[in-house]
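We use all heavy atoms of the structure for the numbers below, so side chains are in, but hydrogens, waters and symmetry mates are not.
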Amino acid sequence: MKNRSPFLIALAILASLSIIVPPDLAAQAAQKAGEISRAIPDVAIARGAQQLPAPVKTLVDWGDAVKTGDGGRARVALDDGSVLNVGSSSTLQVTQHNAAAQQTQIELTYGRVRSQVVKQTKPNAKFEVHTPVGVAGVVGTDFFLGYMNNLFQIIVYEGHVKFCNLDNICVDVLGGQIATIRNGHEAPSQPGQATPSELTDAANATSVGGAFAPPPVHAIGLGWIIGLTALAVIPAVVIPLATHGQSQSNGTSIIAGKPSEGTSTCHVGHLTCN
């Protein structure tokens, strides 16, 4: 029997390895974005056609969508040190997260998320959160986003965010401010001071427990600290929905609870009423 050449032996070994190891394994490993660091069930990850349970330590890859149920919440620790707190009844996809190049794109399909983003220092660094009606571009900050019923709303706790509609009409939203985009083509509302209840509701709607820095004093104003403390222990109340243009938040309050229909009132913190 003739001896096989070293070349043929090497080909046979490589062929056997390709059967054992999926050819896209290395690519998948290179596309890790982070992991689930805290979770309140019900939380799942949609990965391609798969719907996977997402307990703590579950890896989040590029393209994964984090989905929370009615009572579920999740914290995603990204590889660059940024943190995403995903509220209940929300869907958030990590389209891209290159920690070394500081290139990140998040898709908020529906729901609420609060983000603490590390300072973006690389040339052409980008950290963007997209919704069907607008984009929030971040340099490094602590902010909340909600997208429901074709309404996109932002509250910035610290730093600043460039808040743009689909026509690339933008406003800069600073610490302690709130702004809104409706339907994607109306210009963003002019940023105004968020109320203590809006700040508190946004934080509560995305709380997953554990350490997550509270709003800094210099961002929201020392005069509101007493109000924020009091609101933390007072149940939500029902208030009439302000008409368009009568409030800093474009007449719609923000962020906790489910959308309601056929009513002229909403609970404090709802991102609802038309």
Which pair of non-hydrogen atoms, one from [X] and one from [Y], has the smallest distance, and what is that distance?
| X | Y | result |
| --- | --- | --- |
| Asp61 | Lys32 | OD1-CA, 3.5 Å |
| Ala54 | Ala39 | O-CB, 4.0 Å |
| Ala136 | Val161 | CB-CG1, 3.7 Å |
| Cys170 | Lys162 | SG-CE, 3.6 Å |
| Ala46 | Lys67 | CB-CE, 4.0 Å |
| Gln51 | Ala44 | NE2-CB, 3.8 Å |

Do [X] and [Y] have side chains that approach each other closer than 4.5 Å (heavy atoms only, starting at C-beta)?
| X | Y | value |
| --- | --- | --- |
| Val171 | Pro188 | yes |
| Leu84 | Ile106 | yes |
| Phe152 | Thr180 | no |
| Ile36 | Val60 | yes |
| Lys57 | Pro55 | no |
| Asp167 | His185 | yes |
| Val133 | Arg182 | no |

For this session: Report the C-alpha separation of Thr104 and Asn98 in whole Å, then their side-chain angles, then the decisive distance to 0.1 Å, and conclude whether the side chain to side chain contact (heavy atoms under 4.5 Å, CB included) test is met.
Result: CA-CA 6 Å; Thr104 301; Asn98 185 327; over 6 Å; no
Given 3.5 Å as the limit, does a donor-acceptor pair link the side chain of [X] with the main chain of [Y], or not?
| X | Y | value |
| --- | --- | --- |
| Tyr110 | Asn149 | no |
| Glu198 | Thr195 | yes |
| Thr200 | Pro196 | yes |
| Glu186 | Ile181 | no |
| Asn165 | Ile169 | yes |

Exercise. Only one of Val173, Val113, Val129 forms a side-chain contact (heavy atoms from CB on, under 4.5 Å) with Phe143, so which one is it?
Worked result: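 In the set Val173, Val113, Val129, the residue that makes a side-chain contact (heavy atoms from CB on, under 4.5 Å) with Phe143 is Val129.
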Within the 3.5 Å criterion, strictly below it, is a donor on [X] or [Y] matched to an acceptor on the partner's side chain?
| X | Y | answer |
| --- | --- | --- |
| Gln116 | Asp142 | yes |
| Arg112 | Ser89 | no |
| His160 | Asp172 | no |

Once rounded to the nearest 0.5 Å, what's the spacing between atom [atom1] of [X] and atom [atom2] of [Y]?
| X | Y | atom1 | atom2 | answer |
| --- | --- | --- | --- | --- |
| Leu145 | Ile155 | CG | CD1 | 9.5 Å |
| Ile40 | Thr68 | CD1 | OG1 | 10.0 Å |
| Asn124 | Lys122 | CG | NZ | 12.0 Å |
| Leu78 | His97 | CG | NE2 | 4.5 Å |
| Gln153 | Phe163 | CD | CZ | 7.5 Å |
| Phe127 | Ser82 | CZ | OG | 4.5 Å |

For this session: For Thr95 and Trp62, run side chain to side chain contact (heavy atoms under 4.5 Å, CB included): C-alpha distance rounded to whole Å, both residues' side-chain angles, the deciding distance at 0.1 Å, then the answer.
Result: CA-CA 6 Å; Thr95 306; Trp62 289 24; over 6 Å; no
Exercise. Would Ile45 end up clustered with Val94 when hydrophobic side chains under 4.5 Å apart are linked, directly or stepwise?
Worked result: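 Yes, same cluster.
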Problem set entry | Shared hydrophobic cluster, Val76 / Val208 (ILVMFWY, side-chain heavy atoms < 4.5 Å) |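 Different clusters.
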Exercise. Where do Gln120 and Val117 land on the side chain to side chain contact (heavy atoms under 4.5 Å, CB included) test, with the steps shown first?
Worked result: CA-CA 8 Å; Gln120 304 293 291; Val117 179; 3.7 Å; yes
For this session: Give a yes or no on this: more than 12 heavy atoms of other residues, nucleotides or ligands lie within 6.0 Å of atom NZ of Lys126.
Result: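 Counting other residues, nucleotides and ligands, NZ of Lys126 exceeds 12 neighbours.
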For this session: Applying side chain to side chain contact (heavy atoms under 4.5 Å, CB included), run through Asn85 and Arg73 and close with a yes or a no.
Result: CA-CA 7 Å; Asn85 266 14; Arg73 298 183 185 189; over 6 Å; no
For this session: Just do the salt bridge (Lys or Arg N to Asp or Glu O under 4.0 Å) check on Asp64 and Arg47 with the steps written out, would you?
Result: CA-CA 5 Å; Asp64 283 356; Arg47 182 173 293 159; 2.7 Å; yes
